[in-house]
Amino acid sequence: MRNHYPKYVFPLFLACWVLVGANSILGSEKEYCGYEYVIRKAQGTYEQITVDLEAAAAKSGWKVVAVVDAGVMKDCPSRARVFVLYDSLYARDIMDANRNTGPFAVLDRINLFQDEEGNHVSIVNPHSINRTILMDDQKYEAMTVAHLQALRTMITSAVKGEESRKQYGEMRDRGYIGKTMGIIAGGKFEDKVEDVFVIPGGNWKDVADKVEEGLSKPGKEWGTHVVYRAEMPGFETALLGATGTPMDTKSFDIVGEGGDDSRDQLSCPGFAHAAAYPIEIVVTQETTDVQVRMVHAMFRMKMYFEDAGNWAFMKHMGMPGSIADEIESALAPMLKAKNVKTVR
């Protein structure tokens, strides 16, 4: 479903994985896609891979915050499962780098998904995410390289198959994400973090409890509900993740094969993007007040699904805001606070 531009207009707009390969030949190491394969055609059953990944993560120092099954599209024979991991030392480094935006980058997401070729394991690429969220293309490169290698080493110790570094998703040569066609959702990440609710005199743990309770049941339209909670007491911050069906299945259907044309004949190619979810909800103490924060819905959709193409975004312009509205509407009565929706 690649629809950025007609091929005869801009032939240089090739699939992301082709560009990454070409740039490695030219010596460039600064162009990254949003996702990266670790293992393709993994050995073992889907359930055994799940068990092995969880065990390896725990043994290597990660906390398995959640294991979330993605929704399945109608008549789709495949599945996807997302592992949300927390490394306290890495989280501290991310938070020290940027206390305000860092919470949106501290968790790792691994995607175990199926297609006609077998089981595969990929990850959200920390290179792409950190450059955007920490808003510096060079400063945190060494930290990210070390963490990515640790993540890959952990996965390959547990799962055998064809090791791969193929990237996919939107390719970017910098962390800054500009506006699509000059109008759609772009700018510095710090300007896209919204203080959705402000609770004067609140306590961050109490507010996190209320967020968790408010999203305990699936929303009526998109099915959004909380699937994980992780706490960073040293930063008086809680991280909650929300996902649901049909939000995820609709997203997978829209993105399709994205920028990877080699997947366009698969029955359910969108599962490769399953690790785009859950959506982050950050609860953090700011002096005497508690802030409940989310990333601007359309901007976040661009971060993880931009390779769906411009036309796809135009056709579904209302979807991101509708998802955000569902989450915020569920929280408002629990927090007994007005939806202030201020951008920091």
Side-chain angles (χ1 to χ4, degrees), residues 1-2 16 32-38 65-73 76 78-85 103-115 120-133 151 167-172 175 177 180 185 189 192 222-228 239-260 263 268-282 294-309 312-313 316 319-324 326-327:
M1 188 176 157
R2 182 72 165 178
C16 173
Y32 300 115
C33 295
Y35 308 92
E36 181 174 294
Y37 280 101
V38 181
V65 175
V67 179
V68 184
D69 285 328
V72 179
M73 293 78 79
C76 178
S78 304
R79 294 183 288 172
R81 180 169 287 165
V82 177
F83 302 75
V84 183
L85 306 183
F104 296 95
V106 299
L107 297 177
D108 293 302
R109 296 194 296 279
I110 300 173
N111 182 15
L112 167 61
F113 66 99
Q114 300 175 318
D115 59 29
H120 314 288
V121 181
S122 68
I123 56 175
V124 172
N125 188 352
H127 279 299
S128 179
I129 298 305
N130 287 352
R131 292 197 309 184
T132 295
I133 293 177
L151 189 60
Q167 297 183 42
Y168 62 94
E170 186 70 9
M171 187 275 289
R172 300 186 177 99
I177 300 176
T180 302
F189 187 83
K192 300 303 173 182
W222 298 109
T224 53
H225 62 287
V226 163
V227 293
Y228 71 72
L239 312 172
L240 297 100
T243 191
T245 302
M247 176 187 71
D248 55 0
T249 53
K250 181 69 171 178
S251 302
F252 305 153
D253 185 57
I254 292 170
V255 73
E257 73 275 9
D260 188 349
R263 295 179 55 79
C268 314
F271 272 147
H273 287 64
Y277 296 118
I279 295 171
E280 307 84 5
I281 303 169
V282 173
M294 294 174 62
V295 177
H296 182 275
M298 179 61 86
F299 185 86
R300 190 188 186 282
M301 199 68 79
K302 281 188 64 175
M303 285 179 66
Y304 295 102
F305 291 105
E306 190 171 8
D307 58 322
F313 270 80
H316 301 281
M319 180 179 172
S322 177
I323 293 168
E326 179 172 280
I327 293 172

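In this view, Ala105 and Ile94, Ile129, Asn130, Ile133 satisfy the side chain to side chain contact (heavy atoms under 4.5 Å, CB included) rule, not counting sequence neighbours. Judged as a side chain to side chain contact (heavy atoms under 4.5 Å, CB included), and not counting sequence neighbours, the contacts of Glu326 are Glu221, Trp222, Thr224. Listed by chain and residue number, Ala70, Asn111, Phe113, Phe271, Ala274 satisfy the side chain to side chain contact (heavy atoms under 4.5 Å, CB included) test with Ala80 (two or more places apart in sequence, or in another chain).
Between Asp115 and His120 the shortest heavy-atom distance is OD1-NE2, 2.8 Å. For the residue pair Tyr35 and Ala272, the shortest heavy atom distance occurs at CD2-O, 4.4 Å. When all heavy atoms are compared, the tightest approach of Ala308 to Ala312 is O-CB, 3.7 Å. Minimum heavy-atom separation, Val72 to Ser78: CG1-O, 3.8 Å. The shortest heavy-atom contact between Ile281 and Ala242 is CD1-CB, 4.1 Å. Minimum interatomic distance between Met73 and Cys268 (heavy atoms only, all atoms of both residues): CE-CB, 3.7 Å.
To the nearest 0.5 Å, atom NE2 of residue His316 and atom CZ of residue Phe305 are 12.0 Å apart. Interatomic distance, Lys250 NZ to Met247 CE, rounded to the nearest 0.5 Å: 13.5 Å. Note that CZ of Arg109 is 10.5 Å distant from CG of Leu85, once rounded to the nearest 0.5 Å. Residue Met301 holds its CE atom at 4.0 Å from CD1 of Ile323, rounded to the nearest 0.5 Å. Residue Arg81 holds its CZ atom at 13.0 Å from CD1 of Ile110, rounded to the nearest 0.5 Å. Rounded to the nearest 0.5 angstrom, Lys192 NZ and Met303 CE are separated by 12.5 Å.
Judged by distance alone, the side chains of Ser251 and Asp248 never bring a donor and an acceptor atom under 3.5 Å apart. Inspection of the Tyr168 and Ser122 side chains reveals an N or O donor paired with an N or O acceptor under 3.5 Å.
Counting only distance, with no hydrogens or angles, the side chain of Gln167 and the backbone of Tyr32 share no donor-acceptor pair below 3.5 Å. In terms of modelled atom types and a separation under 3.5 Å, the side chain of Asn125 and the main chain of Cys33 share a donor-acceptor contact. For Arg131 (side chain) and Arg172 (main-chain N/O), a donor-acceptor pair under 3.5 Å exists by modelled atom type.
A salt bridge links Glu280 to Arg300: at least one charged side-chain nitrogen sits closer than 4.0 Å to a carboxylate oxygen.
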Report task. For the pair Ile177 and Glu170, evaluate side-chain contact (heavy atoms from CB on, under 4.5 Å) and give the outcome as yes or no after the intermediate values. Result -> CA-CA 11 Å; Ile177 300 176; Glu170 186 70 9; over 6 Å; no
Report task. Step by step, work out the side-chain contact (heavy atoms from CB on, under 4.5 Å) result for Val227 and Tyr277. Result -> CA-CA 10 Å; Val227 293; Tyr277 296 118; over 6 Å; no
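If you look at Tyr304 and His273, their ring centroids are not closer than 6.0 Å.
Inter-residue side-chain proximity for Thr243 and Ile279 is flagged as unmet; no heavy-atom pair is nearer than 4.5 Å.
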